[in-house]
Amino acid sequence: MAHNPQGPQNPDPAGSTQMFRAFVDETPQGRAQQPAAASAGPRIGLIIGVVLAIAVVAGVAWLALK
């Protein structure tokens, strides 16, 4: 008896695994990818976080050396 590596060992009664694979494996045609400018929001938050972290470290250093 041959082993089929692509066949399910335990069939999924709801078929969700097959539907998920079909969703992941499908190649969108005619759909443009979103522009990179849409990810500017998280980048601004990261910059603000870094600036605040530097300000806190500078404040602690200033108090320690005072």
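Sequential numbering from 1 along the given sequence is applied to the chain's residues.
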In chain order, what residues pass the side chain to side chain contact (heavy atoms under 4.5 Å, CB included) check against I48, with sequence neighbours excluded? I44, L52
In the hydrophobic clustering that connects Ile, Leu, Val, Met, Phe, Trp and Tyr at side-chain heavy-atom distances below 4.5 Å, which members other than L65 occupy its cluster, ordered by chain and number? none
Side-chain cluster (under 4.5 Å, hydrophobic types only) that V57 belongs to, other residues: none
